[in-house]
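Worksheet: one structure, shown below.
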Amino acid sequence: MLTGLQIAVIGGDARQLEVIRKLSELDAKLSLIGFEQLDHVFTGVSKEKITEVDFTEIDAIILPITGTDSNGQVEMIFSAETVEITEEMLLKTPSHCTIYTGIKNAFLEEITKKVKRRLVMLFERDDVAIYNSIPTVEGTIMMAIQHTEFTIHGSTVAVLGLGRVGMSVARAFHHLGAKVKVGARKSEHLARITEMGLQPFHLNELDKEVRNIDICINTIPHLVVNAAMIQKMPTHTLIIDLASKPGGTDFRYAEKRGIKALLAPSLPGIVAPKSAGQILGNVLAQLLEDDVMKRKEKFI
Ligand code: NAP
């Protein structure tokens, strides 16, 4: 339980509603900032303006998946107002106050370092990334169906990268009956791809491997699907780039060659905001409970 814990939830999208639901069920006291257009009422939860929050009482601050922009401004879809995270605000918090964000940026890293508060990046955690790969895969399948005239079953699919997302995507397309080949650079990844019953190839061989593919799914956040690779692909190839912005595809050249290439960010929030929010809510609840336990042990 999170009884007695005071948490400020600042901004965010529909995923944050599941986080709020979970934490309020666990009896945390929540201040919601940037939710005035939200009709739903949660018990033990108050909607406040940032100027009304008593930061001296706040044990944890939960930011949206995107964290802040480079000036500290927080994205809010349930509010017309803008909120900026400031040094002054964080300095008022107790020294144990932890700031949770989906992803970090230079602003958040610098400001939390300066005020000596802990910053936790949820999306850098393996558990969050693996759970999150489930709705990502479902969104990828949706895009493949929407943007092709052929079945996934029987098609040749190249998945680039065998990380948390690449592994889930490769396995799902394999189970749907696609002929899946996976490109990686580490020998242990090539071994794992073989063990999974898929066709491995080294990324050095990418230009040869793309010659017969129907779908290319990139999960590598670097420019791997460059003009030279796209030039070798059949013209009917669909490229779905899952890597974080700006992706790993030369979209300009793909368009020039008439190859459909789609950058597909934030699929979990699009195809399954409720599940994506529950993933974050469950992990946050565990992390906050662990923090409470650690602080209690310190005082025993
Ligand atoms: P990950 O576990 O870190 O996997 C990244 C993969 O890329 C690894 O196989 C890694 O191989 C490879 N890689 C990285 N840099 C490389 C390079 N320079 N050359 C060749 N291979 C390289 O990350 P993830 O959790 O799978 O996420 C992958 C990407 O998808 C990220 O950009 C993430 O933000 C994004 N994502 C998007 C969505 C969406 O909805 N579109 C959802 C979740 C995640 P090595 O081990 O050899 O480095």
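Counting convention: from 1, in listed order, for ligands and their atoms alike. Nothing fancy with the numbering, it's 1 onward along the sequence. Reckoned from all heavy atoms, side chains included, excluding hydrogens, waters and symmetry mates. None of these values were measured; they are calculated from a predicted model.
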Can you list the atoms of ligand 1 that are under 4.0 Å from a heavy atom of [X]?
{"X": "Pro268", "value": "40 (O)"}
{"X": "Thr136", "value": "38 (C), 39 (C), 40 (O), 42 (C), 43 (C)"}
{"X": "Gly161", "value": "9 (O)"}
{"X": "Ala243", "value": "29 (C), 30 (O), 32 (O)"}
{"X": "Leu162", "value": "9 (O)"}
{"X": "Ser266", "value": "39 (C), 40 (O), 41 (N)"}
{"X": "Leu267", "value": "39 (C), 40 (O)"}
{"X": "Pro221", "value": "32 (O)"}

Would [X] and [Y] count as having a side-chain donor-acceptor pair, cut-off 3.5 Å?
{"X": "Thr3", "Y": "Asp27", "result": "yes"}
{"X": "Asp241", "Y": "Asn218", "result": "yes"}
{"X": "Asn212", "Y": "Lys232", "result": "no"}

### Task
Take the angle between the ring planes of Phe150 and His236 and call it parallel below 30°, perpendicular above 60°, tilted in between.
perpendicular

### Message
Please tell me whether Phe42 and His40 form a close aromatic pair, meaning their ring centres lie under 6.0 Å apart.
### Response
yes

### Task
Measure from atom 10 (C) of ligand 1 to the protein's non-hydrogen atoms and state whether any distance is below 4.0 Å.
no

### Query
Looking only at non-hydrogen atoms, which of Glu124, Lys186, His222, Met143 approaches atom 45 (P) of ligand 1 most closely?
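Checking each option, the heavy atom nearest atom 45 (P) of ligand 1 is found in Lys186.
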
Where is the nearest protein heavy atom to [atom]: which residue, which atom, and how far?
{"atom": "atom 6 (C) of ligand 1", "result": "Gly163 N, 4.1 Å"}
{"atom": "atom 29 (C) of ligand 1", "result": "Thr219 O, 3.3 Å"}
{"atom": "atom 35 (C) of ligand 1", "result": "Leu242 O, 3.4 Å"}
{"atom": "atom 27 (O) of ligand 1", "result": "Val165 CG2, 3.6 Å"}
{"atom": "atom 34 (O) of ligand 1", "result": "Ser244 CB, 3.5 Å"}
{"atom": "atom 12 (C) of ligand 1", "result": "Ile220 CG1, 3.9 Å"}
{"atom": "atom 2 (O) of ligand 1", "result": "Arg164 NE, 2.7 Å"}

### Query
Are any of the side-chain nitrogens in Glu124 or Lys104 under 4.0 Å away from the carboxylate oxygens of its partner?
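Yes.
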
How does [X] reach ligand 1, if at all, at less than 4.0 Å between non-hydrogen atoms: by side chain, backbone, both, or neither?
{"X": "Arg185", "answer": "side chain"}
{"X": "Ala264", "answer": "backbone"}
{"X": "Leu203", "answer": "side chain"}

### Task
Look at the side chain of Thr237 and the backbone N and O of Ile213, then say whether any donor-acceptor pair between them is shorter than 3.5 Å.
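Yes: the side chain of Thr237 pairs with the backbone of Ile213.
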
### Message
If we ignore hydrogens and angles and just use 3.5 Å, is the side chain of Lys47 paired with the main-chain N or O of Leu38 as donor and acceptor?
### Response
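Yes; judged by distance alone, with no hydrogens or angles, the pair exists.
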
### Query
Do Thr249 and Leu263 come within less than 4.5 Å of each other through their side chains, counting heavy atoms only?
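Result no, sub-4.5 Å side-chain heavy-atom pair not found.
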
### Query
Are Val83 and Met76 side-chain neighbours, meaning at least one heavy-atom pair lies under 4.5 Å?
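Yes, close enough: below the 4.5 Å cut-off.
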
### Message
Show, in sequence, the C-alpha distance, side-chain angles and deciding distance for Asp59 and His96, and conclude whether the side-chain contact (heavy atoms from CB on, under 4.5 Å) test is met.
### Response
CA-CA 7 Å; Asp59 300 296; His96 66 259; 2.7 Å; yes

### Message
Does the residue Met167 have a heavy-atom contact with ligand 1, meaning some pair of atoms that are separated by less than 4.0 Å?
### Response
no

### Query
Val45 and Leu2: same hydrophobic cluster, using ILVMFWY side-chain contacts below 4.5 Å?
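Same cluster: Val45 reaches Leu2 through Ile, Leu, Val, Met, Phe, Trp or Tyr contacts under 4.5 Å.
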
### Atom CD of Glu195 with >12 non-hydrogen neighbours under 6.0 angstrom
yes

